[in-house]
Amino acid sequence: MAGLWLGVLVLAGVAAALAPSGQDEDLSMPGTESQKAFDLLDERFPQSNSQGAEARLVFQAPDGQRVTAGENKAAVERTLGSLKAGGQVASTTDPYETGAVSKDGTIAYSTITYTADAVDLTGPTKSALEDAAAKARDAGLTVEVGGSALDSDEEPGGTTEIIGVVVAAVVLVLALGSLVAAGLSLLTAFLGVAIGFGLVSALAVPLGLTSTVAILALMLGLAVGIDYALFITSRFRDERARGSDPEEAAGRAVGTAGSAVVFAGATVFIALVGLGVVGIPELTKMGLAGAGSVALAVLVALTLVPALIGFFGRRVLSRAVRKAGRPGNGWTVPAAAGRPGLGTRWARFVLRRPVTVLLVAGLGLGAVALPALSLELGLPGDESKSVDTTQRRAYDLLSEGFGPGFNGPLTVVVDMSKSADPKATTDLVVKTVRGVDGIASVGDPVLNRAKDTAVLTAVPKTAPTSGETKDLVHALRGAVSGAESGTGADILVTGTTALNIDISEAMSDALVPYLTVVIGLAVILLMVVFRSVLVPVKAALGFLLSVGAAFGVVVAVFQWGWAADLIGIEQTGPVMSLMPILIIGIVFGLAMDYEVFLVSRMREAYVHGASPGEAIVGGFRHSGRVVAAAAIIMISVFTGFIGMSNPTIQTMGVGLASAVAFDAFVVRMAIAPAVLALLGRKAWWLPRSLNRVLPNVDIEGEALSRRVPASATVPDAAAPRLPVDWR
């Protein structure tokens, strides 16, 4: 089995090495007015949309001088002249001829277009652009470079990600007490991630997968891969400690913890694949890539982990257990004596004070979730980048010289194919647009070769991500709609800013329906697993609390700026539009992981005869430490991605890390046992009609228990005496 997976890894690596590099694509939202306009532009202005990367050189004169002054103008022209002869350069614009000079004469810009996309620009081409800017700086000008030419995909493997993995390794060693067991979990997780990352890289061009898609797949695959291997390894060790021989212990581990892994992985898979219903191609790709990485993690956990357990044998057990155990019929461990573990003590504390724990935990999460009421969605651009980047400084210079709306112009597309008088239609549209309050300037209309489509650019007075610009887009669309009825033209308002607004509104509209579907799915799946009505309802409500609290943290950090300096956030603003639904989809599956692994042990004890209280204590005794370790590992992995400069990845890192922390340590370990303690036996009630209809997934291993010989089991001395029939 190990050889088979090694072969798959080699094939994935070869495919990735031979595949061409992918490139980041602009977000699209089929069906929106903005996207319809972009599609029309592709059809009517094909020559304009066939250009490659673009750079914008922004020049600022020294204090007290103008960029139009003799020496400064000569420096600008020398700079642009050196670029015209460069390779892959399609054209450059002269700011003095095109009027690209600010009113006060201090700032000017030139647009350089290339014959290739940003990802295909050669090193010498990029170096020539940077060298030209450096020479202009030597002449005394301030020069920054905006546009896509210098953009580069962020590669994983930075310092913070490595720290996250190191923390995960330390937690594994502490939780398992064995370097071999910890290394096994890390090795299998890395193998699954490497295969997944190789496949994403190989498919980047044919499927249009971006660097963000690849990093998300890496993030999820690493987190769940470690966790799933940990769950199966931990259950194997439990079975060995109870007296099962290695083969039987491995079988029972896969039959119980492995079944839970399949269910947990399926929930993550379904939630991520379900992101495709939103209708945003980029979100669909992220969901499918994440789902694929989770599916790989499940397959590796079910096949490679048991194989490696068999290979390493006793070394998977902790050093203390190996010393205390004695060979014989199986591998048995003497009864544990002394003080109960932390999980047992915590469970007993909750049983004594369930109302207090429930109120404190619930009200605490509610307070953390309050900022989520102020959630604003948007698609941040260069303004969200660090001021250490030249793209951000170019953005700021253009805002200073040409107004805050210059970086987010609106494009008005006029389809006059059904208009009787195209010229009169164009004039009316220009007049209408100029009359809208909030428009700073309107450019002259540009016609296509067939003279049936006109395009004009309108610059807002406000910044692209401001609420005023959002209101302006709606006002502009309302104004031009009046011109449509009298002219027969079809008038569309688009541009990156308008598209971002459309996507943000679509995300807001889809949030509640998607959340409803996810919650409904959670209730149904958990009802199948736990044969209960109230346990799934409790789990779903807890999921809402953890997600709400995570959104509260995201709003507080990225909108309000709380602790933003600690993670390198220099510019606050709207939260990335895709984040809420993406976080919901991912956290839903992860929350069900902890619910299944913790509550399934409670259910197992209960169906074997324990009282509701004993079942809660037993669940924490066997799974509390493992679930806590798994959560810390996942938090460490997600936190490791916060240090990346990509704002999308940073937001995902903060949102997912906080969501896992809230869900694992507050919802599953405090609220869940408190609610179960208050419900008592009612928690496991299921109507007979549902009991007959629902399939039995048996993650408690009841069928396995009936087939294990009585001599193969040794009761857990620290556990309650349960009337278990192992025959």
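Only heavy atoms go into these numbers, but all of them, side chains included; no hydrogens, no water, no symmetry mates. Numbering of residues begins at 1 and proceeds along the displayed sequence.
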Note to self: Test: side chain to side chain donor-acceptor pair (under 3.5 Å). Region: residues 539-554. Which pairs qualify, not counting sequence neighbours?
What the structure shows: S546-D663
Salt bridge or not between [X] and [Y]? Use side-chain N to carboxylate O under 4.0 Å.
X: E604; Y: R235; result: yes
X: R252; Y: E248; result: no
X: D238; Y: R621; result: no

Residues two or more places apart in sequence or in another chain: which of them pass side-chain contact (heavy atoms from CB on, under 4.5 Å) with [X]?
X: A181; result: L176, S178, T233, R237, V316
X: A194; result: L9
X: L525; result: F263, T267, L521

Using distance only, find each side-chain donor-acceptor pair of residues 675-692 under 3.5 Å and give its atom names and separation, not counting sequence neighbours.
residue	atom	partner	partner atom	Å
R681	NH1	Y606	OH	3.4
N691	OD1	R531	NH2	2.9

Results of ring pair (Phe, Tyr, Trp, His ring centres under 6.0 Å) for [X] - residues two or more places apart only:
X: F236; result: none
X: F312; result: none
X: F588; result: F543
X: F558; result: none

Tell me which donor-acceptor pairs under 3.5 Å the side chains of residues 164-174 have, and how far apart each pair is, sequence neighbours excluded?
none

Which donor-acceptor pairs under 3.5 Å do side chains of residues 290-299 form with protein atoms, sequence neighbours excluded?
residue	atom	partner	partner atom	Å
S293	OG	G290	O	2.7

Check: For residues 255-278, which residue pairs qualify under salt bridge (Lys or Arg N to Asp or Glu O under 4.0 Å), counting only residues two or more places apart or in two chains?
Finding: none
